[in-house]
Amino acid sequence: MSRIIRNAAVVADPWQVFSPEADSDLQTLPLPTGPQLLPLPVWQARREEILARGEAFGLWLAPADDPAEIAADLGLFALIAVNFPKFADGRGYSTARLLRQRYGYQGELRAIGDVLHDQLHYLRRVGFDSFALKEGKDPATALPGLTVFSEAYQTAVDQPEPLFRRRQA
């Protein structure tokens with residue numbers, strides 16, 4: 001079982017990321033059992049079947065996936081993961097902020113893929129609360145990345161008031 005950072009602690013993670021081949025027929029593709037993170041196209045193709053299984057499941061979004069497509073279903077997911085296929089691809093930051101602020105998602109929001117120690121502080125600021133680091137990276141070593149800065153000037157999901165307003169209070 002892999003280890004992740006969740007709520008500023010290193011924990012075991014039972015979730016598996018289901019990534020079917022690009023040319024798979026989504027209608028006939030066998031779905032795995034257990035705690036699975038399903039890609040958006042699988043969810044869209046097999047929504048009713050997945051719900052009928054009665055198992056906890058999560059969803060993972062690719063960088064080009066629009067969170068508006070799942071806004072009405074947010075309460076159904078035990079977890080939503082946002083994939084960062086490359087360190088330099090920052091679209092997931094916008095996806096997280098939209099999920100938290102525009103659509104009001106309150107569940108676990110996880111960064112997956114090419115996630116590194118240097119990103120953790122910024123990922124948390126936009127609403128991520130769990131992090132599956134890039135393969136080969138140690139979550140315990142990366143954990144201090146969450147507290148690398150003691151204060152932030154601007155507003156974000158994790159701090160809705162700017163520093164100057166907090167100082168006035």
**Message:** Could you tell me if the side chain of D73 sits less than 4.5 Å from the side chain of L59, heavy atoms only?
**Reply:** no
**Item:** Qualifying residue for side-chain contact (heavy atoms from CB on, under 4.5 Å) with R46, from L38, L51, L29
**Value:** L29
**Prompt:** Do the side chains of I5 and W60 join up, straight or via other hydrophobic residues, at under 4.5 Å, putting them in one cluster?
**Reply:** no
**Within-4.5 Å side-chain heavy-atom neighbours: L31 and Q36** = no
**Q27 side, atom CD; E49 side, atom CD - distance, nearest 0.5 Å** = 8.5 Å
**Message:** Please report the interatomic distance CD1(I112) to CG(L37), rounded to the nearest 0.5 Å.
**Reply:** 6.0 Å
**Prompt:** Is the number of heavy atoms from other residues, nucleotides or ligands under 6.0 Å of R102 CZ greater than 12?
**Reply:** no
**Prompt:** Under 6.0 Å from the CD atom of E135, do we count more than 12 heavy atoms belonging to anything else shown?
**Reply:** no
**Asked** So if you build clusters from Ile, Leu, Val, Met, Phe, Trp, Tyr with side-chain heavy-atom gaps below 4.5 Å, do L109 and L146 land together?
**Response** yes
**Message:** Counting only heavy atoms not in Q154 (residues, nucleotides, ligands), do more than 12 fall under 6.0 Å from its CD?
**Reply:** yes
**Prompt:** Can a salt bridge be assigned to the pair R100 and D158 using a cut-off of 4.0 Å between side-chain N and carboxylate O?
**Reply:** no
**Prompt:** Are V148 and Y93 connected, step by step, through hydrophobic side chains (Ile, Leu, Val, Met, Phe, Trp, Tyr) whose heavy atoms are closer than 4.5 Å?
**Reply:** yes
**Complete:** Sequence neighbours excluded, the answer for salt bridge (Lys or Arg N to Asp or Glu O under 4.0 Å) partners of D13 is R6, R110
